[in-house]
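All chains are named by letter (A, B, ...) in the order of the sequence lines, taking the proteins before the strands, and each is independently numbered beginning at 1.
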Protein chains: 2
Amino acid sequence: MSDATSIESSRSTRDQILDEALHCFAEKGYEGTSLNDIAAGVGIRRPSLLHHFPSKEALYGDVFERLLSDWLERLDAAVAMTAVGWDKAELVLRACLDLFAETPDYVRIMRREALDGGVHLGIDLSGVLRPFFDSAVEYLESQMQQGIFQVHDARHLLITGYGALLTYFSDSPFVDGLIDEDAMAAKNIYNHQEHVIGFFRSALLKS
Amino acid sequence: MSDATSIESSRSTRDQILDEALHCFAEKGYEGTSLNDIAAGVGIRRPSLLHHFPSKEALYGDVFERLLSDWLERLDAAVAMTAVGWDKAELVLRACLDLFAETPDYVRIMRREALDGGVHLGIDLSGVLRPFFDSAVEYLESQMQQGIFQVHDARHLLITGYGALLTYFSDSPFVDGLIDEDAMAAKNIYNHQEHVIGFFRSALLKS
DNA sequence: GCATCTGTCTACCTACTAGTAGGTAGTGAG
DNA sequence: CTCACTACCTACTAGTAGGTAGACAGATGC
């Protein structure tokens, strides 16, 4: 009864709510999303939704927690792989780019939360990512000292990279209008990923 | 009566409303900002605000229009200057970075609008910026063909650049937590600007 | 003096929000 | 059959949103 692909609504209502909430919060933001929107997307009424989650804030928190643990899992896996120099950086870049391409809603919520400074969360977003940031700074600086990477300010480099990586996915409606194509089409996502990788290689590797 | 720095409220109520609205919309987004918030910031009641602007949407539109014309003015001025090769690119980069540093609220609203896909505006944001985008693509491709710039996908390069430029300012609350300092302090802004310039030079110029 | 216009106010409206109360099917265990 | 539980419902609460109506004060113009 658990793994069977039953006729419909194979997944639990709770999970359906989480999925719909992820999408609504990503699309319209925390304030712009009402519990009615989410409930309607699932096909239930608001009080039924509140039977599964105690409050809007708690629902948002659960959505964000799942998002964050997915992302950290990918980052952990990429960092754990044995590679050095540019190969290591490329692994981490690709791990992020793959996740973002798979689940652009993650990127959009993350962006909104970064914009708002995390006011909707109990947790401290930058605090959670801080360990990765610090170890990345350490790694980049060691590569620069060894003359493997060109010298840049490692902290600002990471922030620039964070911005460059997220923006294509978070601002895809805007990108659509600039390139006059569907930014999230598989071909364009592939092109963007390869561009970003090549761009950072140009800026980091010598000659 | 116009240029005198009178004792207080030297600027018209209408302009005070526009300023306060800019700040509120940038800080909390369109949905997250109430007309009461804006009115209170100016020191009047909501109906008085609605005497100067017919609706919340119209007020937002006026705020955004002013923002956009300021930005386009800077871009026009930078593009009009006589420079070639990397110098030209640096001029445009610095024009944007200077504006963003002066008025970070602009960046935050722009970001929110790009995220939402322009649903709060009658105007088409990417449509307005499209001419600049297209001419920038043309410029970059000509420089690449002449062997002055390294070869990248010009369109994706611009989107990456747009993301890299905006993010530091739009996500400054998040950046604060990463670098454990005030991202918008003059020293850090200066460092970031020089980093971005250097980073793009590394990626674009050869050897 | 008096009408008019501008800017502000209080008081109100409707629509919608998050959240609660209480009731009702259906299910499974003893 | 009964009890407990889950998942849902309708109907309600209190509060807030954007927006409107109408009164009032001060200035301007004739």
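In this structure, the ring-ring contact (aromatic ring centres under 6.0 Å, His included) partners of B/H120, at least two apart in sequence or on a different chain, are B/Y30, B/Y60. Taking the side chain to side chain contact (heavy atoms under 4.5 Å, CB included) definition, one finds that B/E194 meets it with B/R94, B/Y190, sequence neighbours left out. Contacts of A/D182 classified as side chain to side chain donor-acceptor pair (under 3.5 Å), with partners at least two apart in sequence or in another chain: none. In this structure, the side chain to side chain donor-acceptor pair (under 3.5 Å) partners of B/H156, at least two apart in sequence or on a different chain, are A/H192.
Residue pairs meeting the salt bridge (charged side-chain N to carboxylate O under 4.0 Å, His left out) criterion with at least one partner in residues 51-64 of chain B, sequence neighbours excluded, are B/R14-B/D62. Within the structure, the side chain to side chain donor-acceptor pair (under 3.5 Å) test picks out the following pairs touching residues 70-80 of chain A (sequence neighbours left out): A/D70-A/Y106, A/R74-A/E102. Pairs of residues two or more places apart, or lying in two chains, that qualify as salt bridge (charged side-chain N to carboxylate O under 4.0 Å, His left out) and include a residue from residues 154-173 of chain A are A/D134-A/R155, A/D171-B/R111.
When the P atom of C/dG19 is taken as reference, atom NZ of A/K56 falls 8 Å away, rounded to whole Å. Atoms CD (A/E57) and P (C/dG19) sit 8 Å apart, rounded to a whole Å. Separating the OH atom of B/Y30 from the C1' atom of D/dA17 is a distance of 11 Å, rounded to the nearest angstrom. As rounded to whole Å, 12 Å separates atom P of D/dA7 from atom CZ of A/F53. Here the P atom of nucleotide C/dA18 and the CG atom of A/L59 are 11 Å apart, to the nearest Å.
A donor-acceptor pair shorter than 3.5 Å cannot be found between the side chains of A/H52 and A/T13.
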Show me the protein contacts with nucleotides 6-9 of chain C, counting only N or O atoms at under 3.5 Å.
residue, atom, partner, partner atom, Å
C/dG7, OP2, B/H51, NE2, 3.2
C/dT8, OP1, B/T13, OG1, 3.4
C/dT8, OP2, B/H52, NE2, 2.6
C/dC9, OP2, B/R45, N, 2.7
C/dC9, OP2, B/S48, OG, 2.5

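For DNA chain C, none of the residues of residues 32-41 of chain B falls under the heavy-atom distance limit of 4.0 Å.
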